[in-house]
Enquirer: 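I have a structure here, written as structure tokens, and I will follow up with some questions on it.
Protein chains get the first letters and strands the later ones, always in sequence-line order, with residue 1 at the start of each.
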Amino acid sequence: MRPDRYNARESEPHWQRVWDERKIFESSNDDARPKYYVLEMFPYPSGRIHMGHVRNYAMGDVVARYMRARGYNVLHPMGWDAFGMPAENAAMQSGSHPATWTYANIDTMRRQLKSMGLSLDWSREIATCDPSYYKHQQRIFLDFLKAGLVDRKTARVNWDPVDQTVLANEQVIDGRGWRSGALVEQRDLTQWFFKITTFAEDLLQGLDTLDQWPEKVRLMQRNWIGRSEGLRMRFAVASDPRVPAASDIEVFTTRPDTIFGASFLGLAVDHPIIRSLAEKNSDLEKFCDECRRMGTSAAVLETTEKQGFDTGLKVAHPFDDSILLPVYATNFVLMDYGTGAIFGCPAHDQRDLDFANKYGLSKTPVVCPSDVDPASVVIGDDAFDGDGVMINSRFLDGMSIADAMDEVARRLESRELFGRPQGRRQVNFRLRDWGVSRQRYWGCPIPVVHCEKCDVVPVPAVELPVILPQDVDFKTPGNPLDRHPTWKHTTCPTCGGPARRETDTMDTFVDSSWYFARFTDPWNTEEPTDPAVISKWLPVDQYIGGIEHAILHLLYSRFFTRGLRATGHADLDEPFKGLFTQGMVVHETYRSGDGSWLAPTEIRIDSTADGRKAFALTDGSEIEIGSIEKMSKSKRNTVDPDEIIGTFGADAARWFMLSDSPPEGDVIWSEEGVQGVARFMQRVWRLIGDLKSVAAPVGSMAPVHFGETAITVRKATHNALAKVEDDIVRLRFNRCIAHANELVNKLGQTIGSIESAEIGDDLAYACREAAEGLVMLVAPMMPHLAETCWSDLGHEDLVSQARWPEADRSLIREDVITLPIQINGKKRADVVLPRDADETTIRTTVLADDSVQKAIDGRPVKRVVIVRERIVNVVI
RNA sequence: GCGGACGUGGCGAAACUGGUAGACGCAAGGGACUUAAAAUCCCUCGGGCAACCCCCGUGCGGGUUCGAUCCCCGCCGUCCGCACCA
């Protein structure tokens, strides 16, 4: 007995069990079919999934299911980015051990993901906090160390003196620790670094090959790497009692051509010379401290005035030592870029001009725009950074900028200052090495020991993993590993003497920099990866995740890929061939009169002709409907996936997430919208029932001849299939859904008008084809409903394993087409013509048409533009 | 400040990157069925006009073109990213 209504709450768990039992989503490394690796960014196990996860994983699942139907051996794994601070925060607040907390969250979220009906290979599940995972990460660390890709050096960190911990930049709010509220100190600590700069050039060049990445992300990475070509040049310091004889200051410049426009040297407040001067000059020290306090956030810098402190030092101009330039400590030169020193050329750099205007420094123009008389060049409030010809520059006069740059570089390279060449061409990168040391417990231990005799000694590979101790307490501030009574005490692998374990753990970005590789062979207990298996599966064909990872995660993964290749773990250029960044899930906000936020479950919406209004469920008072914002706990505009799935089913949630907006844009979650999806699902269920009642049996042969109605049905089916084929691979899910809607509308109309006497073999076949086509077409997006319909249509097998019914595009091609006719560019008529009509026929037919004649109204026709199979434009 | 993206009905959006602007969905209005409601089905739904096969309409102003949401120039507005990068 076929129920009138489809019951998602019964069907969904049923099919999930069937898929699970038959292990149909597990992929084999030995499968000979062409591979397709689809991956969504794995989640942090924060507690429960949110609607953003639902959207992200729904998208990936559509691709996985579709590619499977197209005959690919699909790898679609899932795991957990399981190390990180929230687990330690929870430990401090509730006393639960980070591992307990994390694994409990994983269990909850796994259950939630399973209730979504995702076609995931759970046999490959990994959690980065598991020793079976981080063992291999430690091994990679050691191999990178051996390959010279790891460095240990001093770096400045934000130090919270109360919590006794290093803070990330985003944990410093107004100069204070986010948790303790203590004033944050800058400390120099010896830290571990991955030498990502080794690959700076390659990481930049590799971007050109990533043509299936969003241009926006490539641009962001390009800017982050920040390659620039320029010249390092040294200025001799004029003799001064405060500095040693034969001192020099080295600057980096991308505009050596403007050297005759130089009017000062600007040094970072952390520049060694400034630091040493500040030791004996309290005014300078005060200035430096103030600059440091201002921070480096864009918002601050935007509004900050250029400031300087004249040190009294002078340097000689390299081409005329009678010209002495003042040396300033400045707030706009950064120590960690270039050499921490610049020469300022006010005429051709806006910042330098602002600075010069403030301190009354000269501003000689040295580049003249080609259409301006050199004598009339004046520098006002705007620096000129365009192209032109050199002026006021002695031996450079008349040269182009490029030639002048080259000439200056050439002269300084071949000349010595204090026994070394005065200039050196250099390619400079903004990219800095990746500091991975974290003074925390819940992370991957860095596998080295410190021995008094042998210094830093790697833990031998056979002794891995270095496992985190279980018995730690979070009651006192600081790193639990560091104050653990026994854990850090060990013996030196080299000399056997007493040694101390490294108590820093790795940045959690390390964990996610190679998980995509581990998924290919997660059972491998000996090696992180098997290069042969890597070559089989990687690169990831389609990677899907949030734009917030556009720079760091993706760049680190690209670095790791290069490191893994250098250490023989993977023969691979780039990890992610296709990248897609999906938009957020947003929702209306609701705010009561007293300013407090209300959750969507606490209000009722009334829609009438004069608009939508919200009322509180508790007392019926009217609630203001606020702006649409990213779902967040603070604004209380979240919806819980469990509740949605419980009420409407996973299929409805998935479908709605994909339906309304382009996938890269934000989607507005609305109750009305998901109700619309629920209606659509019932419509599909009824339509399949209607089609089934007239459809031929499973596997019927196609009849030779098709009548008019059958052809209409077939055209609708194949048209929809063709459009979905085109759109699904481009991830245009919203359009796929529109095509599905159109097909349902069309089939519903046609079926409704069929007289039972009309049904012959041809229509029966067409209805079977239509029903199965529709089910296949919605299956990647609403797999449970599709399975139920598939089974209802008499299939023993699963739609999840069925082959895609490729669209027959010859059926869609019409022999007779309706051509829109424009008169002077405005549509005035339609003319029905054979598709292959020649231009003369088209012309005569069009001009003979009544509506066309009426529109022409006797005026002479100047021209008839015919675009075949598209449009005709009559010009009068 | 620099860089990037975008601007189409009441709303989310389509439009094969130069060819019928508004597919599809949401909301709304009208009707059928029903004792009633829900569900379902049918119709209307950018603006103007009594009405159309008419006129206007893709942020604003120009331009190129037989033809512009799409290309070019100049404004206005919104969103995102950032690093005062020498």
Side-chain angles (χ1 to χ4, degrees), chain A residues 4-5 214-217 219-220 222-224 226 228 230-231 251-256 258 266 268 296-304 306 330-334 336-345 349-352 354-355 428-430 547-548 550-551 605 607-612 628 656 659-662 664-668 670-677 679-680 682-683 686 723 726 732 734-742 744-745 748 752 818-830 850-851 854-855 862-867 869-876:
Chain A
D4 286 344
R5 289 182 67 78
E215 191 51 48
K216 182 183 179 179
V217 174
L219 184 69
M220 282 163 82
R222 222 168 261 134
N223 291 341
W224 189 261
S228 62
L231 186 74
V251 306
F252 176 72
T253 178
T254 53
R255 293 293 302 274
T258 62
T296 52
S297 82
V300 173
L301 297 172
E302 224 170 275
T303 51
T304 307
K306 313 273 170 290
T330 64
N331 65 347
F332 67 96
V333 175
L334 307 176
D336 44 20
Y337 186 81
T339 60
I342 61 154
F343 76 74
C345 175
D349 183 291
Q350 191 61 46
R351 291 158 308 170
D352 297 347
D354 294 345
F355 190 81
N428 199 38
F429 292 94
R430 189 194 85 94
I547 186 75
E548 66 273 20
I551 297 177
I605 301 272
S607 274
T608 56
D610 30 85
R612 296 169 75 245
I628 293 169
F656 183 66
S659 67
D660 250 20
S661 307
E664 67 277 12
D666 294 345
V667 68
I668 305 170
S670 74
E671 182 81 3
E672 294 91 341
V674 74
Q675 274 165 1
V677 177
R679 276 199 298 275
F680 172 77
Q682 296 303 337
R683 240 179 123 198
R686 280 195 308 274
K723 285 179 162 172
D726 294 341
R732 304 207 286 203
N734 55 325
R735 299 192 357 151
C736 293
I737 281 173
H739 305 322
N741 274 316
E742 265 171 312
V744 168
N745 289 344
T818 305
L819 217 50
I821 311 302
Q822 296 179 329
I823 311 294
N824 282 349
K826 300 220 162 183
K827 194 212 159 194
R828 284 296 132 94
D830 290 304
D850 283 350
S851 314
K854 197 183 151 204
K862 286 191 200 142
R863 195 176 152 191
V864 178
V865 181
I866 296 171
V867 184
E869 298 184 29
R870 275 241 179 268
I871 207 160
V872 176
N873 191 11
V874 180
V875 186
I876 55 175

Enquirer: What pairs of nitrogen or oxygen atoms, one from the protein and one from nucleotides 5-11 of chain B, lie under 3.5 Å apart?
Expert:
none

Enquirer: Among the candidates B:A86, B:A13, B:G19, find the nucleotide nearest to the side-chain atoms of A:S661.
Expert: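 The closest nucleotide is B:A13.
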
Enquirer: Closest approach to the side chain of A:N734, judged atom by atom: which nucleotide of B:C24, B:A14, B:G12 is it?
Expert: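 Nearest nucleotide to the side chain: B:A14.
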
Enquirer: Is there any protein nitrogen or oxygen under 3.5 Å from a nitrogen or oxygen in nucleotides 62-69 of chain B, and what are the pairs?
Expert:
unit_1 : atom_1 : unit_2 : atom_2 : d
B:C66  : OP1    : A:R863 : NH1    : 3.3
B:C66  : O2'    : A:N873 : ND2    : 3.0
B:C66  : O2     : A:N873 : ND2    : 2.5

Enquirer: Between the protein and nucleotides 36-47 of chain B, which nitrogen or oxygen pairs are less than 3.5 angstrom apart?
Expert:
unit_1 : atom_1 : unit_2 : atom_2 : d
B:U40  : O3'    : A:R686 : NH2    : 3.4

Enquirer: Output the pairing pattern of RNA chain B as a dot-bracket string, 5' first, Watson-Crick or G-U wobble with both distances under 3.5 Å, | for cross-strand pairs, [ ] for crossing pairs.
Expert: (((((((..(((......[....))).(((((.......))))).(((.....)))..(((((..]....))))))))))))....

Enquirer: How would you label the contact of A:N745 with the nucleic acid (heavy atoms, under 4.0 Å): base, sugar-phosphate, or nothing?
Expert: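 Sugar-phosphate: the residue A:N745, judged by heavy atoms under 4.0 Å, touches backbone atoms but no base.
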
Enquirer: Taking syn as any angle within 90 degrees of 0 and anti as the rest, which one fits B:U35?
Expert: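 Nucleotide B:U35 adopts anti.
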
Enquirer: Can you figure out which of B:G25, B:C84, B:U20 approaches the side chain of A:K306 most closely?
Expert: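 Closest of the options to the side chain of A:K306: B:C84.
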
Enquirer: Starting from the 5' end of RNA chain B, give me the residue, A:L219 or A:P662, whose nearest nucleotide shows up first.
Expert: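 It is A:L219 whose nearest nucleotide is closer to the 5' end.
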
Enquirer: Report all interatomic pairs (protein N or O, nucleotide N or O of nucleotides 54-57 of chain B) with separations under 3.5 Å.
Expert:
unit_1 : atom_1 : unit_2 : atom_2 : d
B:C54  : OP1    : A:R828 : NE     : 3.3
B:C55  : OP2    : A:R828 : NH2    : 3.0
B:C56  : OP2    : A:K826 : NZ     : 3.1

Enquirer: Is there a donor and acceptor pair, one atom on the side chain of A:K216 and one on the base of B:C80, closer than 3.5 Å?
Expert: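 Side chain to base: no pair below 3.5 Å.
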
Enquirer: What's A:S659 touching, base or sugar-phosphate or nothing? Going by heavy atoms closer than 4.0 Å.
Expert: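 The residue A:S659 makes no contact with any strand.
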
Enquirer: Quick check on B:G46: syn or anti? Syn means the glycosidic torsion is within 90 degrees of zero.
Expert: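 Chi for B:G46 falls in the anti range.
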
Enquirer: Under 4.0 Å between a side-chain N or O of A:N223 and OP1 or OP2 of B:G4?
Expert: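 No, A:N223 has no side-chain N/O under 4.0 Å of OP1/OP2 on B:G4.
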
Enquirer: Using atom types as modelled and distance alone, determine if a side-chain donor or acceptor of A:N873 lies under 3.5 Å from a backbone N or O of A:G825.
Expert: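 Confirmed, A:N873 side chain pairs with A:G825 backbone.
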
Enquirer: Which residues pass the ring pair (Phe, Tyr, Trp, His ring centres under 6.0 Å) test with A:F429, sequence neighbours left out?
Expert: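 In terms of ring pair (Phe, Tyr, Trp, His ring centres under 6.0 Å), with neighbours along the sequence ignored, A:F429 is linked to no residue.
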
Enquirer: Does A:F252 or A:M220 map to a spot on RNA chain B nearer the 5' end, using the closest nucleotide for each?
Expert: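 The residue mapped nearer the 5' terminus is A:M220.
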
Enquirer: Please report the distance separating the C1' of B:G10 from the corresponding atom of B:U44, rounded so that it comes out in whole Å.
Expert: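 Approximately 15 Å lies between the C1' atom of B:G10 and that of B:U44.
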
Enquirer: So what does A:V333 touch, heavy atoms closer than 4.0 Å: a base, only the sugar-phosphate, or nothing?
Expert: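 Counting heavy atoms under 4.0 Å across all strands, the contact made by A:V333 includes a base.
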
